[in-house]
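Hydrogens, waters and symmetry mates are skipped; everything else that's a heavy atom, side chains included, is used. Predicted model, so just to flag it, every value in this text is computed and none were measured. Note on naming: letters A, B, ... go to the chains in the order of the sequence lines (proteins, then strands), and numbering restarts at 1 for each one.
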Number of protein chains: 2
Amino acid sequence: MKKHNCIVGDDESVCPKVKLSIQDTLDVVGGKWKLVLISILRDGKKRFRELSREADISPRILSKELQELEMNGLVTRTVCDTRPVTVEYALTPYSDTLSEVIIAMHKWGHEHRRKVMEHAG
Amino acid sequence: MKKHNCIVGDDESVCPKVKLSIQDTLDVVGGKWKLVLISILRDGKKRFRELSREADISPRILSKELQELEMNGLVTRTVCDTRPVTVEYALTPYSDTLSEVIIAMHKWGHEHRRKVMEHAG
DNA sequence: AATACCAGTTACAAAAAGGATACTATGAAG
DNA sequence: CTTCATAGTATCCTTTTTGTAACTGGTATT
C-alpha cells in the first residue's frame with residue numbers, strides 16, 4: 001500500500017480529499033497516546049512525571065510521543081530553573097485548532113459507553 | 001500500563017473522564033484504517049473490492065477492519081444475489097453519530113495541510 | 001556516604017499491525 | 001477446459017508499536 005503523499009495532482013477518484021485529510025490528521029495525532037496527552041494537557045501544563053502518572057504511560061513512550069508533538073508544533077517543552085530541574089509541557093495556541101476533534105471524540109466516547117452499558121445492563 | 005477498564009468507581013484524579021472517553025473512542029475507531037473506511041462509505045455503500053481499491057488496503061487487513069466495524073455496529077455486510085456473488089458494505093444509522101468526529105478530523109487535516117504547505121512554499 | 005527525586009535514555013522483548021503472495025470457492029463467459 | 005471476476009482466507013514475513021527494567025546524570029536531603 002503506497003504512501004498517500006499526493007500533495008497535488010492526484011487522481012481524485014483513487015485518493016479523494018476526505019480520505020487524504022483524515023490520513024493527514026492521523027499522521028499527526030493518530031496512535032494510542034497523542035490525543036490522550038493533549039486532552040490531559042488541556043487542563044494546564046504538566047511536568048514529565050505528572051504526565052507519565054496521569055496518562056499511565058511509561059517514560060520511554062511518553063518521551064517519544066512528546067517529541068513528536070513538539071515537532072508538530074502542538075506542545076512546548078520548557079526547562080524550569082528549579083532544583084531538581086523540572087520540565088514543563090504545555091499546549092501551544094496551535095493545538096487549540098484540535099479542540100473540535102478532541103471534543104467530538106470525548107463526546108462520542110462518552111455516549112458510546114452509555115449505550116454499551118445500557119445494552120449490557 | 002493497565003487497561004482502562006474502569007467503568008465505575010474509578011479514581012477521577014488518576015483516570016479522568018476525558019481521558020477515558022477518548023480512549024473508548026480510540027478503542028472503536030482508532031488505528032490506521034477505520035475512520036478512513038467510514039469516511040469512504042459516507043459516499044454510499046461499496047463492495048469489498050471497491051473498498052480495497054479506494055482505500056488502497058490489502059484484502060487481509062480490509063477484511064479484519066470490516067469485521068471489527070461490523071461487530072461495533074458501525075457497518076452492515078450484505079451478500080447480494082448476483083453472479084458472481086457480491087458483498088455490499090454500508091454504514092449503519094449508528095455510524096452517523098461519528099459525523100462530528102469525522103468532519104472535525106477532515107477539516108483539521110485539510111487546514112493543517114494548508115499550513116504546512118504555505119510554511120514549506 | 002546513602003537515599004531520593006527529577007527527566008529522561010538504553011537495551012531488550014513482546015505484541016500488534018501491515019504487507020506480499022498465493023490460495024479457496026463460486027459461477028459465468030469464451 | 002481455460003479464463004475471468006467475485007469475496008475473501010491462509011501463510012509467511014517485515015515493520016512498527018508498545019512495554020519492562022535497568023540505568024545515567026544532576027541536585028538535594030539526611
Note to self: Please enumerate all residues that pass side-chain contact (heavy atoms from CB on, under 4.5 Å) together with B:R60, with sequence neighbours excluded.
What the structure shows: B:S58
Notebook entry, point to check: Side chain of B:T76, backbone of B:T92: donor and acceptor closer than 3.5 Å?
Noted result: no
To the nearest angstrom, how far is [X] atom [atom1] from [N] atom [atom2]?
| X | N | atom1 | atom2 | answer |
| --- | --- | --- | --- | --- |
| B:E70 | D:dG8 | CD | P | 9 Å |
| B:I57 | C:dG18 | CD1 | P | 8 Å |
| B:L26 | D:dT17 | CG | P | 15 Å |
| B:D81 | C:dA28 | CG | P | 10 Å |
| A:I61 | C:dA14 | CD1 | C1' | 12 Å |
| A:K32 | C:dA15 | NZ | P | 13 Å |

Residues [X], [Y]: salt bridge by 4.0 Å N-O rule:
| X | Y | value |
| --- | --- | --- |
| A:E50 | A:R47 | yes |
| B:E88 | B:K46 | no |
| A:E65 | A:K34 | yes |

Checklist line | Nucleotide-resolved protein contact map, nucleotides 4-11 of chain C, B/S/- at heavy-atom distance under 4.0 Å | finding: -BSBBBBB
Item checked: Side-chain N or O of A:W33 closer than 4.0 Å to phosphate OP1/OP2 of D:dG19 -> yes
Contacts under 3.5 angstrom, residues 97-106 of chain B side chains, donor-acceptor by atom type, not counting sequence neighbours:
{"from": "B:T97", "atom 1": "OG1", "to": "A:W108", "atom 2": "NE1", "distance (Å)": "2.8"}
{"from": "B:T97", "atom 1": "OG1", "to": "B:Y94", "atom 2": "O", "distance (Å)": "2.6"}
{"from": "B:S99", "atom 1": "OG", "to": "B:R42", "atom 2": "NH1", "distance (Å)": "3.0"}
{"from": "B:S99", "atom 1": "OG", "to": "B:D96", "atom 2": "O", "distance (Å)": "2.9"}
{"from": "B:E100", "atom 1": "OE1", "to": "A:K107", "atom 2": "NZ", "distance (Å)": "3.3"}
{"from": "B:E100", "atom 1": "OE2", "to": "A:K107", "atom 2": "NZ", "distance (Å)": "3.4"}
{"from": "B:H106", "atom 1": "ND1", "to": "A:S21", "atom 2": "OG", "distance (Å)": "3.4"}

